[in-house]
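This report refers to the structure that appears directly beneath it.
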Amino acid sequence: MIAFLSQGGYAFFVWGAYGMTLILLVAEILFLRYKRRTILARIGRLIRMRHSGVKQ
Amino acid sequence: MALNWFRFAAPSAFYPLAGRAIPIFWWLTVIPLVIGLVWGFFMTPDQLGGTNAQKEYYRIIFIHVPTAWMSMWLYVVMAGWAAVGLVFKTRLSFMMANAIAPTGAVFTFLALWTGAFWGRPSWGTYWDWDPRLTAELILFFLYIGYIALHSAIDDTRRADRAAALLAIVGLVMVPVIFWSVNCPDPNQCAALHQRSDLTRMEGNILFSMLTITFAFWMYSFATTLMRLRSLILERESAAGASWVETTLGKEGAS
Amino acid sequence: MFRVFWCILHRDLTLALRRRTDVLTTLFFFIIVVSLFPLGVGTEKETLQTLGPGVVWVAALLASMLALERLFAADYEDGTLEQMLLAAQPLSLVVLAKITAHWLLTGLPLVLIAPLAGMQYHLTGESILVMMGALLVGTPVLSLIGAIGAALTLGVRGGGILLSLLILPLYVPVLVYGSGAVEISRIDFSATGPYFALLASFLLVALTFAPLASSAALKISLE
Amino acid sequence: MFRVFWCILHRDLTLALRRRTDVLTTLFFFIIVVSLFPLGVGTEKETLQTLGPGVVWVAALLASMLALERLFAADYEDGTLEQMLLAAQPLSLVVLAKITAHWLLTGLPLVLIAPLAGMQYHLTGESILVMMGALLVGTPVLSLIGAIGAALTLGVRGGGILLSLLILPLYVPVLVYGSGAVEISRIDFSATGPYFALLASFLLVALTFAPLASSAALKISLE
Amino acid sequence: MLEVSQLECRRGDRTLFSALDFSVAPGNLLHVRGANGSGKTTLLRSLCGLFTPDSGEIRWQGESARRLGEEYRRDLLYFGHHNGIKGDLTGVENLRIAATLDANRGDDGVIWDALARIGLAGFEDLPTRMLSQGQKKRVALARLMLSRAPLWILDEPFTALDLGAVDLLQTLIAEHVAADGLVVLTTHQEVELTAGGLASLHLGS
Amino acid sequence: MLEVSQLECRRGDRTLFSALDFSVAPGNLLHVRGANGSGKTTLLRSLCGLFTPDSGEIRWQGESARRLGEEYRRDLLYFGHHNGIKGDLTGVENLRIAATLDANRGDDGVIWDALARIGLAGFEDLPTRMLSQGQKKRVALARLMLSRAPLWILDEPFTALDLGAVDLLQTLIAEHVAADGLVVLTTHQEVELTAGGLASLHLGS
Ligand code: HEM
Ligand SMILES: Nc1ncnc2c1ncn2[C@@H]1O[C@H](COP(=O)(O)OP(=O)(O)OP(=O)(O)O)[C@@H](O)[C@H]1O
Ligand SMILES: Nc1ncnc2c1ncn2[C@@H]1O[C@H](COP(=O)(O)OP(=O)(O)OP(=O)(O)O)[C@@H](O)[C@H]1O
Ligand SMILES: [Mg+2]
Ligand SMILES: [Mg+2]
């Protein structure tokens, strides 16, 4: 396990590269989900407003 | 045939279709990714010998090469959709180009980053003005330019078309740019460095690399479609399209 | 056809000459940037000789780009661009005339002042000749490509700096071969042929496509 | 007093953030200019190391200057500057707020991105630290001095390039000591003290006089 | 004959107008009315092709204006919120350029006459940046006298003008209509004609 | 009390006016008239201190306006040919900044009320660049309602407004005069007052 993590002494480089990849890809996914949720919330609010007869 | 296409070119028809496709693409991403990584870390030699002696840091290749490939491929696809949008005036094509750009920029950045983290142990420097690296850097600037132009214009219709034109101009220039940095001296262009050769690669390494490439490709599909769905919702609800409400009503339970 | 071309060319030149400083400022900007470097880098002769061609070209790029920003912007703000769009003439002709004026006012003076910059960097006479030639063929390409960017960023806030973001990467080939020609001329004067051939072909291609692309961009921007 | 300062600062930051790209474009302009040089100059490690500090500083100068052009121009065109002149508050306070916003949006990001540029030119860790420090003290001076020029060239055609003509020579001391500090740090880290002392005193002087001078210039420009 | 059918324009979230149908025949003036923000400028810019409507069609002499392109633009004179004159050029120079772009002759005698008639005698060869707001507008309006385009599209041409200039402009418009021209204009004032027909279109609720 | 004595302004080669004397007392409106280019804008800008006259003096409450400086500017509200609003900010934000600069409170409730009264309900938090010409002008005019300055200097405030907005603005001006305010304005229209005095000054030949 230690040997695997140390990657023959190049842990910083190997995990630095993989780490950044992981961070960016996951961040992209999270950001997309967050954006989708805010849009849905906004549209939901608009729909509720329209149904309760509030003028825009 | 043509009819069929144009039916799905309507955002309202495309939206649910994309919704159904996204989970499939996620599975197609995760499974090869796991296989590729496991294979890459446990089934490949600890050390490369011969003319190209490299220690464990060569494992960066499993993400470096796929990200580099994706970054270039996605630019071509993006410019392609932009061109389709300009010619056929379909809203969806612009949105498609728009949805691809951030993913492409992320992959470009990752190619640069992983390349830098590879270069440090093998060349002793994070950065060098090697033509390949330079070209990748310029590609990054082109992505950023596209995104910056699009977000600097707030009339979406104008932003779409202006950015699309830029992407196409970029696409025309990309080969010229790549070639010029690869071959700064036209007198000696024949003596270009030998490109890396896939057939000479060790089988296990090649297998992991290709599986991860496939995974990243599917990842691009998934994120692009997700972003596209958000874009569709945002724009269509702004334009007051009624299908948004009915579709969301159906989905509302989930 | 030609009447419109001349009319717009004449107009833009008159406008520039009404403020006589306009022409000179591009020049001075170029000279200042070129002169700033030795201050920041040190003044050994050899360093300067290797630096010379690159610095001159980058300065030319920046000078040409700075003036680009106003290429369409002034006409956009006072509504004359709108009138050009509604003219009974092809827009790309008008655009070509404006680009020509831009080059005459920014590119050509750079070509003429280049020997001075070359001297500051201790370049030989031959290298200076090559530099002038390369600038003569290369700067019109800069104006042509730049016009597309200028049209795209019209009326956009932060336009100037956005423009450079869009355009500078596209300038790379001209920069590489332009400074490459000067570089090689220090070793072998006769080897510069292919460089000039490449620059000339860039010019031809840009001359055919850039006016069309810019006028398309203008139409988009004026919506 | 402070309410007005905050109000204008907040206003300018909001305006910039409304277009999120605005902040990033200055940054990318800086990175692109820094990256263009090796393409024009050649890519040997030693050349780049000597070039590095100078190029970074010249790029910082240009980036800061380009953004300066719009510092007052936008407010001038839509008449808000007129309103600021007629405000019941001292104009130099308003001007100081605008300069602060300008620095936060252009100077500070440059300081933060500098390590990247340092890496491209193979600078050592220590040199990079010194460079960041020098930029941190030097860039506010650029914004302050630049504001005077921006105020003077307001509403003048070809203002952008005229501005650079006025301002770049005034930037020379900052450039010389800023890049000098980095240069010397490659030899002796402890010798950078005097450079920083000089830069800091420039900053103090500029901070006292520049707001007054720019507001006087604004009053002249608006006649 | 200018025909508009089923025109719809949206800006931002709002639909400004939809299913708009009208036509303007030679010798007629259409006065587009409506409160601030009702979409008058948007409509006029669509008619010129400076704004692409979301749906609908604009036909000139029976053919689609978009398809006609340059031919349509040759028949068109647009006067918008901007004056479209360069501050650094004199009135005469400005008009000379405008005439060339519109493919008119525009020799200098005609231009000087036009400027004199619009009340700028003595200001002809000052850079227009040295003129007052209303004088700039007058320079721009002198284009109307040089033009041979049958279709005039005028967006609030009367603002910033003093009473004398307003009268003169009214006369110019009336003359153009009387000579079988077409005019589409917006203004918050009333317009009077001596001949031809006057229709009015009300935008907004 | 605003007093002007022996004012002379030249622009270019022409003397626009000379030996101009007038005064405006609280509860009075001065309507500056004159053809295009007669020097109305120049006069108004001189009154604000935005243009330095060639000779003559302007006194506010008995003291030289130039010497008073900030104190004079605090009592002054100028509305010029430019709207003075930022296109990227919303109406509310624009007014908030204007209020701070004028050293008024300007809490948000007051601002929303002002915008509603001037007919922009529903457009309060749109960036003003998305408004029509007349709507932009309305945002700028909402400043009049927030201001506590006694002296209003208005340069053609009625242009680009529709009839409803013109009426409203007339009312605002009349209210201000009735509340012992001072107004100096130019316009090519007529103004009506309900109380206070109306004088008129004719520039030009
Ligand atoms: C256009 C983008 C790029 C592509 C297509 C690309 C592709 C590749 C490929 C296929 C290899 C494997 C070579 C082999 O061992 O056979 C490789 C290796 C490498 N790449 Fe990249 N790469 C790109 C960009 C970058 C960047 C931006 C960097 C650094 C910042 C970088 C650094 C490296 C390093 C250090 C190696 C190992 C070289 C060696 O084995 O000697 N690459 N690249
Ligand atoms: N920037 C300038 N430089 C030189 N002369 C100018 C300048 N601006 C205006 N003038 C001259 O000053 C005179 C008066 O201009 P001003 O703007 O005061 O007129 P005005 O009465 O406001 O006219 P309008 O009703 O058209 O607004 C004009 O005749 C013009 O020629
Ligand atoms: N650039 C824009 N982006 C988004 N919406 C806009 C833009 N310009 C105008 N609008 C909106 O379009 C509507 C109509 O604007 P338009 O300029 O056509 O009005 P108008 O009838 O000409 O008004 P006015 O009498 O004030 O000139 C306005 O309500 C405005 O909010
Ligand atoms: Mg309008
Ligand atoms: Mg006036």
Side-chain angles (χ1 to χ4, degrees), chain D residues 1-23 25 67 70-98 101 105 151 154-155 211-212 215-223, chain F residues 9 11 41-42 44-53 65-66 68-90 92-106 127-130 136-137 139-140 143 147-149 151-153 155:
Chain D
M1 290 286 274
F2 279 107
R3 229 180 109 224
V4 175
F5 183 86
W6 281 122
C7 169
I8 298 292
L9 183 62
H10 180 245
R11 180 192 100 126
D12 275 22
L13 293 180
T14 321
L15 276 173
L17 295 178
R18 280 285 143 84
R19 317 267 176 141
R20 262 156 294 159
T21 46
D22 247 31
V23 193
T25 36
R70 304 299 296 165
L71 180 58
F72 300 115
D75 289 350
Y76 175 69
E77 279 153 22
D78 58 21
T80 41
L81 193 63
E82 214 168 71
Q83 296 295 342
M84 288 180 192
L85 234 77
L86 291 177
Q89 323 282 345
L91 184 60
S92 48
L93 201 71
V94 174
V95 170
L96 189 63
K98 287 188 75 72
L105 291 168
L154 206 56
L212 293 175
S215 56
L218 278 184
K219 278 183 194 146
I220 295 170
S221 290
L222 251 82
E223 275 265 299
Chain F
C9 281
R11 295 215 82 158
T41 299
T42 310
L44 264 53
R45 289 179 72 90
S46 314
L47 291 183
C48 297
L50 287 173
F51 182 84
T52 317
R66 186 158 288 272
L68 282 172
E70 270 167 46
E71 278 172 67
Y72 176 54
R73 294 207 295 274
R74 197 191 314 269
D75 288 346
L76 174 86
L77 186 148
Y78 173 65
F79 184 90
H81 281 323
H82 292 291
N83 288 327
I85 55 173
K86 300 296 302 179
D88 277 331
L89 297 180
T90 66
V92 175
E93 286 168 332
N94 268 304
L95 289 176
R96 208 183 289 142
I97 291 163
T100 313
L101 282 178
D102 294 345
N104 294 333
R105 275 181 335 277
T128 52
R129 110 187 83 79
M130 294 209 184
K136 282 178 197 148
K137 187 114 189 182
V139 173
R143 275 177 55 219
S147 157
R148 286 176 304 182
L151 173 60
W152 287 5
I153 298 190
D155 197 353

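Sequence lines set the chain letters: A, B, ... in the order given, protein chains first and strands last, and positions in each chain run from 1.
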Problem - F:R11 side chain near F:F51 side chain, heavy-atom distance below 4.5 Å - result: yes
Fill in the blank from the handout: With chain D, the option among F:L77, F:D102, F:I97, F:L76 that has the most non-hydrogen atom pairs under 4.5 Å is F:I97
Handout entry: Note, D:T14 side chain near F:K86 side chain (heavy atom, < 4.5 Å)
Key = no
Practice task
Not counting sequence neighbours, which residues clear side-chain contact (heavy atoms from CB on, under 4.5 Å) with F:R74? List them please.
Solution key: D:A88, F:A103
Practice task
Check whether F:E93 gets within reach of chain D through its side chain, its backbone, both or neither, counting any heavy atom under 4.5 Å.
Solution key: side chain
Practice task
Could you tell me which of F:T52, F:N94, F:D75 has the largest number of non-hydrogen atom pairs under 4.5 Å with chain D?
Solution key: F:T52
Exercise for the section: For each of D:L85, D:D75, D:L86, tally heavy-atom pairs with chain F at distances under 4.5 Å, and name the one with the top tally. Expected result: D:L86
Handout entry: N-O pairing of F:K136 and D:D78 below 4.0 Å
Key = no
Exercise for the section: Measure D:L81 against the heavy atoms of chain F and call it side chain, backbone, both or neither at under 4.5 Å. Expected result: neither
Problem - For chain F, the option from D:V4, D:I8, D:T80 that forms the most heavy-atom pairs under 4.5 Å - result: D:T80
Fill in the blank from the handout: Turns out that what part of F:I85 lies under 4.5 Å from chain D's heavy atoms comes down to backbone
Problem - Test side-chain contact (heavy atoms from CB on, under 4.5 Å) applied to D:S221 - qualifying residues, sequence neighbours left out - result: D:L154
Problem - More than 12 heavy atoms of other groups within 6.0 Å of F:H81 NE2 - result: yes
